Participant: 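If you scroll down you'll find the structure; I have some questions about it.
For ligands, and for the atoms within them, numbers begin at 1 and follow the listed sequence. Quick caveat: nothing in here was measured; it's all calculated off a predicted structure.
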Amino acid sequence: MTDTKIIDKEYVAGTYNRFPVEIVSGKGSYVYDENGKEYIDMGSGIGVTSFGIADDAWKKAVTEQLNKVQHMSNLYYTQPCAKLAKLLCEKTGMKKVFFSNSGAESNECSIKVARKYAAEKKGAEYSTIVTLVNSFHGRTLTTLSATGQDHYHELFQPLTPGFVHTPANDLKALIKTVEANKVAGIMMEIIQGEGGVLALDGDFVKGVAKYAKENDIVLMIDEVQTGNGRTGELYAYMNYGIEPDVVSTAKGIGGGLPLGATMLGEKVQNVFGFGDHGSTFGGNPISCAGAISIIERLNEELLDDVKKKSEYVFNAFKDMKEVESVSGLGLMIGIKPANKTSADVLKICMENGVLCLTAKDKIRLLPALNIPMEALEKAVKIIKDAILA
Ligand SMILES: *Cc1c(COP(=O)(O)O)cnc(C)c1O
């Protein structure tokens, strides 16, 4: 084992079952380990490095800002934060943005907005948040509570109260759940990522949006993983033509630097007043400068390209008899091998120079949005061979 691996095992808290690879450098969709072995990166840091490793435009934006000012308190104005907020609102129709540092924090903000809106509009007892079974919303105690998977909850009791879970794709059950509680908001992912790359039914998504609107319930879409071009639309909810009240995102927006964003729609745009929420690092000028370079490039041409590459991957796997299912949208894809565990396929891929992710029993692919076709073809072939091996 290299020094890094030995030191890490001894001194870093044991929360990550790391793969036996140390990544030391990379460029675009290629990364290199401590021995100089090359890998095609089909995970992009769980959908974080949207334009790949050390992407030139992002690097330029980040280093230019680094040479100006790396941080100021949110007590002062800084240009990248203001500019990014404007860009996000113009591209989505949302009205205001709160910046934080991570996905969990972006969801915490959504929850606070929903609670305050409902408290003022309907009464403080309207505090319950409805989320879906098998969802994933983060690791803080409150977002863990929002997460609809019991195995994350064990041994961390008591969790934050005020969350109830209802099955995905069952509108009747959701309405029943809402009627049985005093509900502030509904939060859901358009594609359950950690839950196994499961896209919600379009009819369910539209039904929930309609019901939430009619009943003045705050609809929060967790786009931490699905956002920022990942599904071939700027945000995944745009695939279904709905208008959420709150959209939270993180992962891919920062291109590799920590950044969370919670976008507020018309209904809730003025819920927060001075002192209602805050973050020391949120809206950091360097993270925001990098994010502007990411969001600016998510134009129609790029999104069409994501859709084309998606189709290529779906077609490559969908008719294999060794593949039970292919799921997801855009470049957020889950492949369920019929006769092998996802962990076994991942291991073979790694040996053969492709880094994949898993989500439950699926191989999960989240390559950089601009992965070159040649790299994608090569990776697909290696993954196919691993499934057949
Ligand atoms: C990753 C993820 C989170 C948590 O994001 P962190 O940045 O790790 O806090 C929340 N929701 C979804 C849908 C995610 O995929």
Participant: Kindly state each residue pair satisfying salt bridge (charged side-chain N to carboxylate O under 4.0 Å, His left out) with at least one member in residues 325-343, sequence neighbours excluded.
Facilitator: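 Of all non-adjacent pairs touching residues 325-343, those that pass salt bridge (charged side-chain N to carboxylate O under 4.0 Å, His left out) are E324-K336, K336-D361.
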
Participant: Does the side chain of S145 come under 3.5 Å of the side chain of T160 through a donor N or O and an acceptor N or O?
Facilitator: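 Their side chains do not contain a donor-acceptor pair, so the 3.5 Å distance test is not met.
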
Participant: Determine if the distance from atom 8 (O) of ligand 1 to the closest protein heavy atom is below 4.0 Å.
Facilitator: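 Looking at atom 8 (O) of ligand 1, one finds that no protein heavy atom lies closer than 4.0 Å.
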
Participant: Name the closest protein heavy atom to atom 1 (C) of ligand 1, giving the residue it belongs to and the distance to 0.1 Å.
Facilitator: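 Heavy-atom neighbour on the protein nearest atom 1 (C) of ligand 1: K251 NZ, 1.5 Å.
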
Participant: Using only heavy-atom distances, determine whether the side chains of T341 and D344 contain a donor-acceptor pair under 3.5 Å.
Facilitator: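 A donor-acceptor contact under 3.5 Å links the two side chains.
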
Participant: With atoms numbered from 1 as shown, which atoms in ligand 1 lie under 4.0 angstrom from a non-hydrogen atom of S102?
Facilitator: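 Going through ligand 1 atom by atom, the ones under 4.0 Å from S102 are 7 (O), 9 (O).
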
Participant: Say whether Q225, considering both its backbone and side-chain N or O atoms, lies within less than 3.5 Å of an N or O atom on ligand 1.
Facilitator: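 Yes; the residue has a nitrogen or oxygen that sits under 3.5 Å from a nitrogen or oxygen of the ligand.
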
Participant: State the atoms of ligand 1, each with its element, that fall below the 4.0 Å cut-off from a heavy-atom position in N107.
Facilitator: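 Those of ligand 1 that fall under 4.0 Å from N107 are 10 (C), 11 (N).
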
Participant: Residue-level breakdown please: for T143 versus ligand 1, do any non-hydrogen atoms fall below 4.0 Å on the side chain, on the backbone, on both, or on neither?
Facilitator: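 For T143, there is no contact with ligand 1 at all, from either part.
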
Participant: Backbone or side chain, does any N or O of G103 fall under 3.5 Å from an N or O of ligand 1?
Facilitator: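 Yes, there is a polar N/O contact under 3.5 Å.
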
Participant: Does F99 have its ring centroid less than 6.0 Å away from the ring centroid of F281?
Facilitator: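 No, the ring centres sit 6.0 Å or more apart.
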
Participant: Can you give each donor-acceptor pair under 3.5 Å made by side-chain atoms of residues 20-31, sequence neighbours left out, with the distance rounded to 0.1 Å?
Facilitator:
unit_1 : atom_1 : unit_2 : atom_2 : d
E22    : OE1    : T2     : OG1    : 3.4
E22    : OE1    : T4     : OG1    : 3.3
E22    : OE2    : T4     : OG1    : 3.1
K27    : NZ     : A54    : O      : 2.6
K27    : NZ     : D56    : OD1    : 2.9

Participant: Report the part of E189 (side chain from C-beta onward, or backbone N, CA, C, O) that has a heavy atom under 4.0 Å from ligand 1; answer both or neither where that applies.
Facilitator: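 For E189, only side-chain atoms sit under 4.0 Å from ligand 1.
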
Participant: Look at the side-chain heavy atoms of Ile, Leu, Val, Met, Phe, Trp and Tyr, link any pair under 4.5 Å apart, and say whether F51 and L84 land in one connected group.
Facilitator: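 Yes; L84 is reachable from F51 via cluster members.
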
Participant: For A104, counting its heavy atoms only, list the atoms of ligand 1 lying under 4.0 Å from any of them.
Facilitator: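 Those atoms are 4 (C), 5 (O), 6 (P), 9 (O).
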
Participant: Considering only non-hydrogen protein atoms, determine which one is nearest to atom 11 (N) of ligand 1 and report residue, atom name and distance to 0.1 Å.
Facilitator: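 Nearest neighbour among protein heavy atoms for atom 11 (N) of ligand 1, to 0.1 Å: D222 OD2, 2.8 Å.
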
Participant: Does any donor atom in the side chain of H165 or T131 lie under 3.5 Å from an acceptor atom in the other side chain?
Facilitator: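 The criterion, which ignores hydrogens and geometry beyond distance, is satisfied for T131 and H165.
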
